[in-house]
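Not measured: the values here are computed from a predicted model. Throughout, numbering of the chain's residues begins at 1 and tracks the sequence.
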Amino acid sequence: MFSTLSANFSPDSMLDNDPIPDIETNIMKWDWSELFSPSQSTGSARSSGTGSDEAKQSLTGGSTSSLKDPKQRVPTIDERKLRRMISNRASARRSRMRKRNYLENLTNEVKQLQIQNQELNNRLKSLSDLNHCLRIDNNRVRFECSILQQEVLDMRQLLVFR
């Protein structure tokens with residue numbers, strides 16, 4: 001993150017005693033000089049061992065004399081990593097829960113659709129059987145109608161010839 005700064009960067013250029021926090025990092029402008037001071041390196045914050053304790057205290061809401069020391073107001077890299085790691089784990093947990101709920105919903109929907117499909121297949125078979133019976137009955141009635149028509153014609157012919 002800090003490696004993108006140009007070689008002619010001066011922390012004094014950032015100091016104008018303006019207590020407006022930087023939008024991206026939420027660090028006060030005068031705190032930048034403490035981050036880039038020659039006496040403090042980025043490795044010393046990690047090797048001190050207190051960074052993780054401070055991160056745990058700030059995450060649990062505990063506060064000690066950290067309000068007196070302005071250096072401790074700036075989150076250390078370890079604290080940021082710890083917060084990010086906790087946030088990522090919570091996000092992954094929520095993602096797994098969403099996925100589990102989504103799969104359960106899909107499974108329930110598949111079961112409902114299978115039941116509905118079976119009901120529709122049963123109804124189709126029933127209607128198909130009914131259709132077959134009606135066709136047979138319709139053919140029988142047509143056949144009877146043709147026989148009756150023939151009988152009527154035969155009777156007319158008998159009546160006309162007498």
Original post:
Are Arg140 and Glu144 close enough that some pair of their side-chain heavy atoms sits under 4.5 Å apart?
Top reply: yes

Original post:
Atom CG of Leu153 and atom CG of Leu148: how far apart are they, to the nearest 0.5 Å?
Top reply: 11.5 Å

**OP:** Answer yes or no: is there a donor N or O on one side and an acceptor on the other, between the side chain of Thr107 and the main chain of Leu103, under 3.5 Å?
**Re:** yes

Original post:
How long is the span from the CZ atom in Arg142 to the CD atom in Gln149, to the nearest 0.5 Å?
Top reply: 12.0 Å

**OP:** Mind running side chain to side chain donor-acceptor pair (under 3.5 Å) on Glu104 and Asn108 for me, showing each step along the way?
**Re:** CA-CA 6 Å; Glu104 286 176 3; Asn108 291 337; over 6 Å; no

Subject >> Atom pair CD1/CZ of Ile77 and Arg80 - distance to nearest 0.5 Å >> reply: 6.5 Å

Original post:
Would you call Glu79 and Arg83 a salt bridge, taking side-chain N to carboxylate O under 4.0 Å as the test?
Top reply: yes

Subject >> Distance, nearest 0.5 Å, that separates CG of Leu124 from CG of Asp129 >> reply: 9.5 Å

Original post:
When rounded to the nearest 0.5 angstrom, what is the spacing between CG in Asn121 and CD in Gln114?
Top reply: 11.5 Å

Subject >> Validation row: Arg94, Met97 side chains within 4.5 angstrom (heavy atoms) >> reply: no

Original post:
Going by heavy atoms in the side chains, are Asn131 and Leu127 under 4.5 Å from each other?
Top reply: no

Original post:
In terms of heavy-atom contacts, does CE of Met85 have more than 12 from other residues, nucleotides or ligands at under 6.0 Å?
Top reply: yes

Original post:
When rounded to the nearest 0.5 angstrom, what distance separates OG in Ser95 from CZ in Arg100?
Top reply: 10.5 Å

